[in-house]
Amino acid sequence: MDDNLLTFVDETDPLAGKDPKRPWKVMVIDDEKSVHDITCIALKDFVFEGRGIRFLNAYSAKEAKSCLARHPETALMLVDVVMETEDSGLNFVHHVREVLKNNLVQIVIRTGQPGFAPENEVISKYKINSYFSKTEVTAQKLVSLVTTTLRTYQMSRQLDRELTKRKEAEKELRDLNKNLEKKIMERTRELSRANLLKSQFLANMSHEIRTPMNGIIGMSSLLLDEVLTEKQQEFVSIINSSANTLLALINDILDLSKIEAGQLKFETRSFSVKILLNEIISLFKLRAKEQKLALTTEVGPGVPLFLAGDETRIKQILINLTGNALKFTEKGFVKVRAYLEKDLETHVLLAFEVEDTGPGVKSSFKAHLFDKFSQQDMSTTRKFGGTGLGLAISKQLAQMMDGSIDVWNKTTQGAVFKVILKIKKQSTVTHELMLDEAQENIKVKAKENIKLLIDQLSKMDLKILLAEDNPINQKVIGLILGKMNLKADIVNDGEAVLEKLKGREYDMLFLDIQMPKLDGLETCRIIRDKNSYIRQKKIPIIALTALAMEEDERECLKAGMDQFLTKPIHPEKLVLAIAKAMGI
């Protein structure tokens with residue numbers, strides 16, 4: 001059929017041709033004449049931006065290619081999937097996008113067989129702009145669809161023109177090569193400022209969220225220690241668990257920011273692979289039991305009893321992988337195993353595998369699995385939650401430890417995530433005797449130690465000064481101290497701290513950082529200043545803050561503080577901080 005047959009704007013009109021008011025070219029590609037007719041009738045009075053429509057009609061992919069060659073300025077194509085072959089429409093779209101490299105024309109799939117061309121796969125693979133079943137496209141929907149796509153086309157053309165201008169300008173700059181060094185310096189300053197603003201935003205976000213989180217986690221933890229009914233215990237446990245989940249998400253975002261800024265530091269200390277895996281299991285044991293899943297560990301032969309590395313970061317990777325495996329596995333098992341990949345002179349290549357019997361990973365998604373904010377589909381986020389950061393962080397942590405991470409689907413049901421890390425060898429001579437004891441009793445001993453410290457501290461009649469401007473946090477910290485039989489004088493700002501130190505001697509000072517009138521940093525500097533009027537210049541000062549970045553800790557210690565605690569405050573950490581301040 002002649003592609004000039006249907007035209008709803010007079011081409012002899014002075015507005016046609018090269019004038020901006022010439023009609024939009026819309027190509028209808030379908031082997032059914034009725035589809036062409038219905039489309040033309042539905043849009044016969046259509047006008048957008050003062051321009052009507054000129055229809056170009058093709059009844060096969062071959063005709064469409066020829067028509068597009070004659071009308072490269074086509075704005076919109078309405079394409080049927082099944083014509084002379086089952087996928088000829090999709091092949092034509094592939095030709096437009098990949099062969100012709102035409103990413104400006106808007107492409108809408110209208111198919112009578114949606115099952116043959118699944119919507120999600122088609123949209124992603126063929127770079128189409130919209131997808132509809134023919135049965136669901138009403139005249140009104142068609143008008144809305146064409147309006148939207150023409151607007152997108154118009155914007156894309158404008159952006160393309162801007163991009164062309166920019167490329168021409170860049171070529172001119174390269175040719176002239178003038179003031180290049182100055183422009184690079186200006187750009188560097190802009191990027192530095194952007195990074196600074198990003199860091200400030202993350203720090204502020206962390207602070208603003210951690211402040212109320214301290215109240216939620218602190219109060220719910222204290223409440224869990226009270227005598228409650230079974231229903232009350234359940235409610236409070238949910239509140240506490242949800243708050244800790246939110247805190248974990250915040251920590252993920254901060255970790256990612258530190259990694260991208262090159263600020264993440266690794267520690268090296270002795271650790272036991274066996275104990276590490278058992279701790280992972282203990283974290284998820286209850287959850288696995290509730291899901292009726294078998295959760296097991298296995299340590300292969302040849303794995304050294306002790307290694308030297310950052311146990312916390314290794315554990316973070318395995319927690320992410322094990323948590324994901326449990327999240328997506330409905331029945332069967334999750335197994336975490338460690339084995340020796342390769343024995344080097346001073347290091348080992350240690351492999352960790354997390355195997356599950358879940359649905360596996362879609363092959364089309366595997367390439368993006370470790371991308372930031374990545375989920376297999378939106379239903380994953382709705383059903384399970386999460387930011388999509390866990391695997392991205394795990395991959396970057398593994399790479400920073402000279403390692404790698406990979407995933408594959410099993411021949412049977414399920415997937416296997418494998419992490420290889422390069423870890424330093426550690427002599428086991430001094431540690432073998434403590435292995436059995438540590439394996440069984442280390443947590444019990446830690447709890448007993450905390451109780452002993454609390455007993456000692458409660459008998460010391462300590463004079464504690466707390467500077468905190470948030471009433472809820474005042475209450476939470478006061479109650480935590482009260483459970484240790486300790487009391488504190490509470491003030492709202494730094495000026496009040498200095499006033500208190502004039503009239504009374506204290507054993508220690510807990511100091512919030514962000515406070516009205518006089519902040520914690522400046523207050524500490526005044527106390528430590530040898531020329532200030534404060535007599536207790538060496539009073540132990542413990543930062544108690546919602547700021548959580550490494551630079552915040554460095555700033556506090558530089559100002560003269562002795563310790564740094566981040567909110568939400570855990571009672572055990574508070575006990576240990578007080579004991580350290582008192583030299584116990």
Side-chain angles (χ1 to χ4, degrees), residues 1-8 23-44 46 48 52-157 160 364:
M1 184 173 181
D2 187 353
D3 58 31
N4 295 316
L5 181 60
L6 293 169
T7 303
F8 290 93
W24 304 96
K25 289 188 178 181
V26 176
M27 189 185 301
V28 180
I29 306 165
D30 203 298
D31 58 354
E32 294 181 28
K33 183 176 182 302
S34 60
V35 174
H36 291 259
D37 295 338
I38 291 170
T39 303
C40 295
I41 292 170
L43 298 171
K44 67 178 181 179
F46 178 89
F48 174 70
I53 290 181
R54 176 183 176 183
F55 284 99
L56 309 173
N57 300 87
Y59 290 83
S60 67
K62 184 178 180 181
E63 287 184 23
K65 289 181 181 179
S66 175
C67 184
L68 184 60
R70 296 194 302 275
H71 301 277
E73 71 277 24
T74 299
L76 168 63
M77 296 192 299
L78 303 171
V79 184
D80 185 21
V81 174
V82 180
M83 291 183 286
E84 64 266 45
T85 63
E86 286 188 335
D87 60 350
S88 58
L90 297 181
N91 287 335
F92 171 67
V93 172
H94 178 80
H95 172 78
V96 173
R97 295 299 196 214
E98 302 301 326
V99 179
L100 301 181
K101 302 297 183 184
N102 185 342
N103 292 310
L104 288 177
V105 61
Q106 304 296 292
I107 300 177
V108 175
I109 293 291
R110 297 190 303 176
T111 178
Q113 300 183 31
F116 176 79
E119 181 176 348
N120 289 341
E121 291 184 20
V122 170
I123 290 175
S124 173
K125 182 176 180 180
Y126 293 91
K127 301 179 186 177
I128 68 167
N129 302 94
S130 196
Y131 177 107
F132 290 94
S133 170
K134 291 180 182 179
T135 57
E136 65 181 349
V137 181
T138 63
Q140 183 58 46
K141 282 186 178 179
L142 190 59
V143 170
S144 298
L145 173 66
V146 173
T147 302
T148 302
T149 49
L150 289 181
R151 182 178 290 114
T152 303
Y153 172 79
Q154 189 179 45
M155 292 172 63
S156 298
R157 288 297 295 251
D160 189 58
S364 60

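Bear in mind the structure is a predicted one, so any value in this text is a computation, not a measurement. Scope of the values below: all heavy atoms of this structure, side chains included, with no hydrogens, waters or symmetry mates.
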Practice item. Say whether Arg70 and Ser66, considering side chains only, have a donor N or O and an acceptor N or O under 3.5 Å apart. Key: yes
Okay, side chain of Glu98, backbone of Val96: is any donor-acceptor separation there less than 3.5 Å? no
In terms of heavy-atom contacts, Val146 and Leu43 come closest through CG2-CD1, 3.8 Å
Looking only at heavy atoms, the pair that brings Val105 and Met77 closest together is CG2-CG, 3.8 Å
Nearest heavy-atom contact between Cys67 and Leu56 is SG-CB, 3.7 Å
query = Between Phe55 and His36, is the ring centre distance below 6.0 Å?
reply = no
One should read off an interatomic distance between Asp30 CG and Tyr59 OH, to the nearest 0.5 angstrom, of 9.0 Å
Value for CG (Leu142) from CZ (Arg110), rounded to nearest 0.5 Å, stands at 6.0 Å
Practice problem: Determine, stepwise, if the pair Ile109 / Val93 fulfils side chain to side chain contact (heavy atoms under 4.5 Å, CB included). | Solution: CA-CA 9 Å; Ile109 293 291; Val93 172; 4.2 Å; yes
side-chain contact (heavy atoms from CB on, under 4.5 Å) filter on Ala64, not counting sequence neighbours, yields Met27, Ile29, Ala58, Phe92
Between Thr147 and Phe46, the two heavy atoms sitting closest are OG1-CE1, 3.3 Å
| query | Short question: side chain of Asp31, backbone of Ser60 - any donor-acceptor pair under 3.5 Å? | reply | no
Contacts of Phe48 meeting ring pair (Phe, Tyr, Trp, His ring centres under 6.0 Å) (sequence neighbours excluded), chain-then-number -> Trp24
Taking every heavy atom of Pro23 against every heavy atom of Ile53, the minimum-distance pair comes out as CB-C, 4.0 Å
So Thr149 and Val108, side chain to side chain contact (heavy atoms under 4.5 Å, CB included) or not? Walk me through it. CA-CA 9 Å; Thr149 49; Val108 175; 3.9 Å; yes
Checking Asn129, Leu78, Asn102, Leu76 against Ile107 for side-chain contact (heavy atoms from CB on, under 4.5 Å), the one that qualifies is Asn129
Between Gln106 and Leu104 the two heavy atoms that sit nearest each other are NE2-O, 2.9 Å
Those residues at least two apart in sequence (or on a different chain) that pass salt bridge (charged side-chain N to carboxylate O under 4.0 Å, His left out) with Glu32 are none
The side-chain hydrogen bond (donor to acceptor under 3.5 Å, both in side chains) partners of Arg157 (sequence neighbours excluded) come to Tyr153
With sequence neighbours left out, the residues meeting side-chain contact (heavy atoms from CB on, under 4.5 Å) with Ser88 are Ala61, Met83, Glu84, Thr85
Value for CG (Leu68) from CD (Glu73), rounded to nearest 0.5 Å, stands at 9.0 Å
List the steps and the verdict of side chain to side chain contact (heavy atoms under 4.5 Å, CB included) for Val99 and Lys65.
CA-CA 11 Å; Val99 179; Lys65 289 181 181 179; over 6 Å; no
Across all chains, not counting sequence neighbours, the side-chain contact (heavy atoms from CB on, under 4.5 Å) partners of Asn103 are Arg97, Lys127
